[in-house]
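Since the structure comes first, as structure tokens, the remarks are kept for the end.
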Amino acid sequence: MQLIKKLLFIFIASPSVISVHAQFIDTTVRQNLLPNAPVRAEKWNETTEKRTGAYRSFIAPGILVVYGIASLKSNQLQSFNNTVKEEIWQEHTHKRTCIDDYLRFAPAVAVYGLNAMGIKGRNSFRDRSMIYLLSNAVVTGAVFGIKSFSNELRPDGSDYYSFPSGHTAAAFASAEFMRMEYKDVSPWYGVAGYVAAGATGALRMYNNRHWMSDVLAGAGIGIASTKLAYLIYPAIKKKLFKDKPMNTMIMPYYQNKSAGLAMVYHFH
């Protein structure tokens, strides 16, 4: 049981540590630019650093996804999945909880709540809403696309749509969204978002709905989806908008095999 507790702690805490460390490195690089360097060279270096940093930021989520995919065919990783299940579910029988159904959206809701309280983030209402919409579109397409052919039986035996974890993907997409919006205000906002996402992933295993590899892959997909949304949105923004304000955002959602639309309205 001690091993499982350590694994769950690492799972919840490590993305937060990585995000804070990455932000520290980025700040250090900017501060170490030569003060007497030509303006053109400084701009080129800064642009190159940002581009290189953006590509490197996909390494960690990519590793998580690769681990999950490898577990579909690896007997050793599947055996480890079973060990985690036995420790969490079979040896410590408990009732399921529905907290994870709501916790996955908590970081994104917090972003809008903080802005409403006057703690401004990185983007305007329109831009952050479009980015979050784009992130969720990528998450939904990736998760349900992979689920359709992965054919992985859930730990509780209810169906063959276990891999990857959609709840976890949505949670980590939401956490990365919060980190990106508030990383220039304080890294602790990102830490809080990732703790909520990590708890969501842990609860999916606690509820015997997903294997550990499902959760890790879902986390990678969620993080990568939001990072991709922030990368490609500036190009989309140029095509769609000409600095026109937008007060209403309609977002699709999918939950418990039912789809619908959610509306967010920004009051001035």
Side-chain angles (χ1 to χ4, degrees), residues 15-27 29-30 43 46-65 104-115 119-143 168-194 196-198 217-246 249-253 264 266:
S16 305
V17 175
I18 291 172
S19 66
V20 173
H21 180 63
Q23 187 172 340
F24 173 77
I25 292 175
D26 180 63
T27 304
V29 170
R30 288 199 300 269
K43 287 183 177 180
E46 186 173 350
T47 301
T48 303
E49 279 294 336
K50 287 182 178 179
R51 191 172 299 168
T52 302
Y55 295 149
R56 288 176 178 173
S57 68
F58 284 91
I59 295 176
I63 291 173
L64 295 176
V65 175
R104 55 179 163 160
F105 300 117
V109 172
V111 168
Y112 286 94
L114 289 167
N115 275 274
I119 305 175
K120 300 301 180 183
R122 175 177 174 180
N123 290 293
S124 65
F125 173 82
R126 179 197 68 189
D127 292 340
R128 67 174 177 268
S129 297
M130 288 298 296
I131 290 169
Y132 188 56
L133 173 62
L134 183 58
S135 171
N136 275 272
V138 175
V139 165
T140 301
V143 168
T168 308
F172 276 87
S174 182
E176 179 63 10
F177 173 62
M178 186 176 190
R179 188 189 76 83
M180 289 294 291
E181 286 298 309
Y182 283 98
K183 65 179 183 177
D184 294 328
V185 179
S186 171
W188 292 108
Y189 288 109
V191 171
Y194 269 89
I221 291 172
I223 296 170
S225 296
T226 297
K227 288 184 179 296
L228 180 63
Y230 274 92
L231 276 179
I232 66 178
Y233 176 69
I236 295 175
K237 179 180 177 181
K238 289 181 180 179
K239 296 287 184 180
L240 295 180
F241 307 111
K242 294 182 179 179
D243 294 328
K244 295 180 180 179
M246 182 178 68
M249 169 61 61
I250 305 295
M251 295 183 290
Y253 72 87
V264 179
H266 181 221

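Scope of the values below: all heavy atoms of this structure, side chains included, with no hydrogens, waters or symmetry mates. These numbers were taken from a predicted model, which means no experiment stands behind them.
- In this structure, Ala219 and Leu64 approach most closely via the heavy-atom pair CB-CD1, 4.2 Å.
- Between Met130 and Leu240 there is a side-chain heavy-atom pair separated by less than 4.5 Å.
- Nearest approach of Pro107 to Gly193, heavy atoms of both residues: CG-O, 3.7 Å.
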Show your reasoning for whether side-chain contact (heavy atoms from CB on, under 4.5 Å) applies to Phe172 and Ser225.
CA-CA 9 Å; Phe172 276 87; Ser225 296; over 6 Å; no
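- Using a 30° and 60° split on the angle between ring planes, Phe125 and Tyr112 fall in the perpendicular class, above 60°.
- One finds the CZ atom of Arg126 at 10.0 Å from the CD1 atom of Ile131 (value rounded to the nearest 0.5 Å).
- With sequence neighbours excluded, the residues forming a side chain to side chain donor-acceptor pair (under 3.5 Å) with Thr226 are Ser135, listed by chain and number.
- Using a cut-off of 4.0 Å between Lys/Arg side-chain N and Asp/Glu carboxylate O, Lys237 and Asp127 are scored as salt-bridged.
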Check the pair Phe58, Leu231 against side-chain contact (heavy atoms from CB on, under 4.5 Å), reporting the backbone distance first and the verdict last.
CA-CA 11 Å; Phe58 284 91; Leu231 276 179; 3.5 Å; yes
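- Considering only heavy atoms from C-beta on, Ile119 comes within 4.5 Å of Tyr189 through its side chain.
- The minimum heavy-atom distance linking Ala175 with Ala197 is given by the pair CB-CB, 3.8 Å.
- Test Val139, Ile232, Leu228 against Leu134 for side-chain contact (heavy atoms from CB on, under 4.5 Å) and you get one pass: Ile232.
- Residues Ala217 and Val65 come closest through the heavy atom pair O-CG2, 3.8 Å.
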Should Glu181 and Tyr132 be marked as a side-chain contact (heavy atoms from CB on, under 4.5 Å) after you check the CA-CA gap, both sets of side-chain angles, and the distance that decides it?
CA-CA 11 Å; Glu181 286 298 309; Tyr132 188 56; over 6 Å; no
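- Scanning for side chain to side chain donor-acceptor pair (under 3.5 Å) contacts around Asn115 gives Arg128, Tyr182, with sequence neighbours left out.
- Contact annotation: the side chain of Tyr230 approaches that of Arg122 to within less than 4.5 Å [non-hydrogen atoms, C-beta and beyond].
- Sorted by first then second residue, the salt bridge (Lys or Arg N to Asp or Glu O under 4.0 Å) pairs that include residues 219-228, not counting sequence neighbours, are Glu176-Lys227.
- Closest approach of Met178 and Ala110 over heavy atoms only: CE-CB, 3.8 Å.
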